[in-house]
Amino acid sequence: MSVKCSTWAWGLAISNSSRKLVLLALADRANDDGECWLGMASLEAKCSMSRRTVIRALADLEAAGLIGDSDWLALVGQLNAEPSQERAA
């Protein structure tokens with residue numbers, strides 16, 4: 001768990017609760033470099049959401065530039081962004 005990533009995620013203004021919860025779940029499992037290895041089934045269970053809802057939230061977070069998509073989901077370089085900065089998500 002990375003306190004840095006979790007603090008960053010908590011500080012973001014994200015109006016959609018599904019997106020916020022998915023981002024917090026990813027941040028909770030991220031290392032200090034923002035890398036996260038969390039399987040879809042684990043993410044669904046951790047967030048108490050359907051696969052479809054999780055996938056939609058991930059797509060929206062990626063479109064907003066808050067996460068990147070690779071072989072693993074990874075938080076990307078906004079770790080230095082101001083927590084009060086408004087996001088499109």
Side-chain angles (χ1 to χ4, degrees):
M1 177 183 97
S2 169
V3 173
K4 180 179 179 181
C5 291
S6 293
T7 301
W8 168 76
W10 274 112
L12 293 174
I14 299 175
S15 60
N16 181 284
S17 59
S18 295
R19 293 178 200 150
K20 182 80 167 197
L21 186 56
V22 168
L23 184 62
L24 288 168
L26 292 172
D28 185 56
R29 294 296 297 269
N31 63 25
D32 283 338
D33 293 325
E35 298 169 328
C36 176
W37 296 271
L38 186 60
M40 183 61 72
S42 296
L43 193 53
E44 292 167 29
K46 191 171 183 81
C47 295
S48 299
M49 294 179 188
S50 69
R51 179 172 294 252
R52 183 175 179 175
T53 301
V54 170
I55 290 170
R56 187 178 316 121
L58 291 169
D60 292 344
L61 291 168
E62 183 181 5
L66 296 174
I67 63 170
D69 183 28
S70 64
D71 291 336
W72 303 280
L73 296 171
L75 296 175
V76 292
Q78 276 102 16
L79 291 176
N80 295 323
E82 292 297 323
S84 61
Q85 186 174 348
E86 192 71 31
R87 296 285 182 202

Heavy-atom side-chain proximity of K46 to D28 below 4.5 angstrom: yes

Rounded distance (nearest 0.5 Å) linking atom CG of L23 with atom CG of L61: 5.5 Å

Using side-chain heavy atoms (C-beta onward) and a distance below 4.5 Å, is I14 in contact with L66? yes

Looking at T7, N31, D32, which hits side-chain hydrogen bond (donor to acceptor under 3.5 Å, both in side chains) with S2? D32

Residues forming a side-chain contact (heavy atoms from CB on, under 4.5 Å) with S17, sequence neighbours excluded: none

Is the shortest heavy-atom distance from the side chain of L43 to the side chain of C47 under 4.5 Å? yes

Counting N and O atoms only, with roles assigned by atom type, does the side chain of K20 sit under 3.5 Å from a partner on the main chain of A9, one being a donor and the other an acceptor? yes

Would you call R19 and D60 a salt bridge, using N to O less than 4.0 angstrom? yes

Evaluate the side-chain proximity of L26 to C36: yes if any heavy-atom separation is below 4.5 Å, no if none is. yes

S18: partners by side-chain contact (heavy atoms from CB on, under 4.5 Å), with sequence neighbours left out: N16, M49, T53

Report whether W8 and L24 are members of the same hydrophobic cluster (ILVMFWY, side-chain heavy atoms less than 4.5 Å apart, transitive linking). no

Would you say the side chain of L58 lies within less than 4.5 Å of the side chain of M40, judging by non-hydrogen atoms? yes

